[in-house]
Amino acid sequence: MRLDTLHTAETPEGIALSLRPAGIVARGLAYLIDFAIRLCIFFGLAMLFGALGKLGGAVLLISYFCLEWLYPVVFELTRAAATPGKRAMGLRVVMDSGLPVTPAAAFTRNLLRAADFMPSFYFAGLVSMLWRCDSKRLGDLAAGTLVVFSDQVNLHGDVPAAEPQAPARPLSAQEQLAVVSWAGRATRLTPERFDELARIAEPVLAPGAIGAGASQRLLEVAQWVLGRRAVAEAREGRKQ
């Protein structure tokens with residue numbers, strides 16, 4: 001049973017991303033902010049072109065179309081991947097994989113707002129968002145997108161516990177930094193990618209315990225590099 005709404009995505013590089021989908025409240029408030037902005041722009045244009053007769057009417061119709069259908073697409077394809085309303089609420093649109101939203105996906109999810117609106121007042125979209133733990137509306141389901149909180153993620157966490165073990169040879173400063181950086185991403189990488197990277201360091205790993213994999217042995221070296229070697233040195237002293 002899931003107790004949270006975290007969505008885990010794996011990038012082509014094997015990096016596991018934990019995304020936090022935005023719920024109906026945050027997305028609803030973002031929509032209201034965007035609606036107010038579009039309304040202000042439209043009234044401003046109406047005051048500007050209203051006196052031009054039929055030409056002014058045509059300009060307003062084109063402006064209405066652009067504000068309704070192109071406004072979200074243009075903003076979602078920027079670096080921030082969010083409309084002003086979403087940015088105000090700390091949200092952004094990404095693909096299910098965690099990668100930036102593509103133009104095709106941005107058009108699809110926004111064109112299908114018509115389906116989310118059915119039968120009225122976005123009823124279908126609201127039901128879909130309440131039904132799913134990732135709060136996807138119909139447009140998101142069709143486009144393969146997610147609206148997530150854009151909080152910064154710390155790529156480096158605590159190094160997992162392991163018994164310190166000296167490497168097979170002295171490590172340079174760059175090698176030590178690489179080992180510690182790898183160990184700090186233990187919770188960010190998939191187990192397969194974590195072990196794949198550890199096997200690259202096989203030449204500097206001590207034999208270790210029987211059955212210990214490359215990941216475990218490199219974690220032991222990481223603990224040694226971090227200076228947590230008192231236990232290992234005491235053990236070596238007892239052997240002598």
Quiz item: Who pairs with Phe117 by ring-ring contact (aromatic ring centres under 6.0 Å, His included), at least two apart in sequence or on another chain?
Solution: Tyr122
Quiz item: If you link I, L, V, M, F, W and Y whenever their side-chain heavy atoms are under 4.5 Å apart, who else ends up in the same group as Leu111?
Solution: Phe65, Trp69
Practice problem: Please name all residues satisfying side chain to side chain contact (heavy atoms under 4.5 Å, CB included) with Ala222, sequence neighbours left out, ordered by chain then number. | Solution: Val159, Val179, Ala183
Practice problem: Quick one: list whatever passes side-chain hydrogen bond (donor to acceptor under 3.5 Å, both in side chains) with Lys86, sequence neighbours left out. | Solution: none
Self-check item: By side chain to side chain contact (heavy atoms under 4.5 Å, CB included) - contacts of Asp96 (at least two apart)
Solution: Lys136, Leu146
Quiz item: Excluding sequence neighbours, so at least two apart, what forms side-chain hydrogen bond (donor to acceptor under 3.5 Å, both in side chains) with Arg87?
Solution: none
Practice problem: With sequence neighbours excluded, tell me which residues meet side chain to side chain contact (heavy atoms under 4.5 Å, CB included) with Ser120. | Solution: none
Self-check item: All side chain to side chain contact (heavy atoms under 4.5 Å, CB included) counterparts of Thr78, not counting sequence neighbours
Solution: Ala80
Quiz prompt | Selection residues 123-133 - residue pairs positive for salt bridge (Lys or Arg N to Asp or Glu O under 4.0 Å), sequence neighbours left out | solution = Arg132-Asp134
Exercise. Using the test side-chain hydrogen bond (donor to acceptor under 3.5 Å, both in side chains), find all partners of Glu202 that sit at least two apart in sequence or belong to another chain.
Key: Arg217
List the atom pairs, donor and acceptor, that lie under 3.5 Å between side-chain atoms in residues 27-43 and the rest of the protein, sequence neighbours left out.
| residue | atom | partner | partner atom | Å |
| --- | --- | --- | --- | --- |
| Arg27 | NH1 | Ser135 | O | 2.7 |
| Arg27 | NH1 | Asp140 | OD2 | 3.3 |
| Arg27 | NH2 | Asp140 | OD2 | 3.0 |
| Asp34 | OD1 | Tyr71 | OH | 2.8 |
| Asp34 | OD1 | Thr83 | OG1 | 3.4 |
| Asp34 | OD1 | Gly85 | N | 2.7 |
| Asp34 | OD2 | Thr83 | OG1 | 2.5 |
| Arg38 | NH1 | Leu67 | O | 3.4 |

Quiz item: Which residues, ordered by chain and number, are linked to Val127 in its hydrophobic cluster, where ILVMFWY side chains connect at heavy-atom gaps below 4.5 Å, directly or through other members?
Solution: Phe123
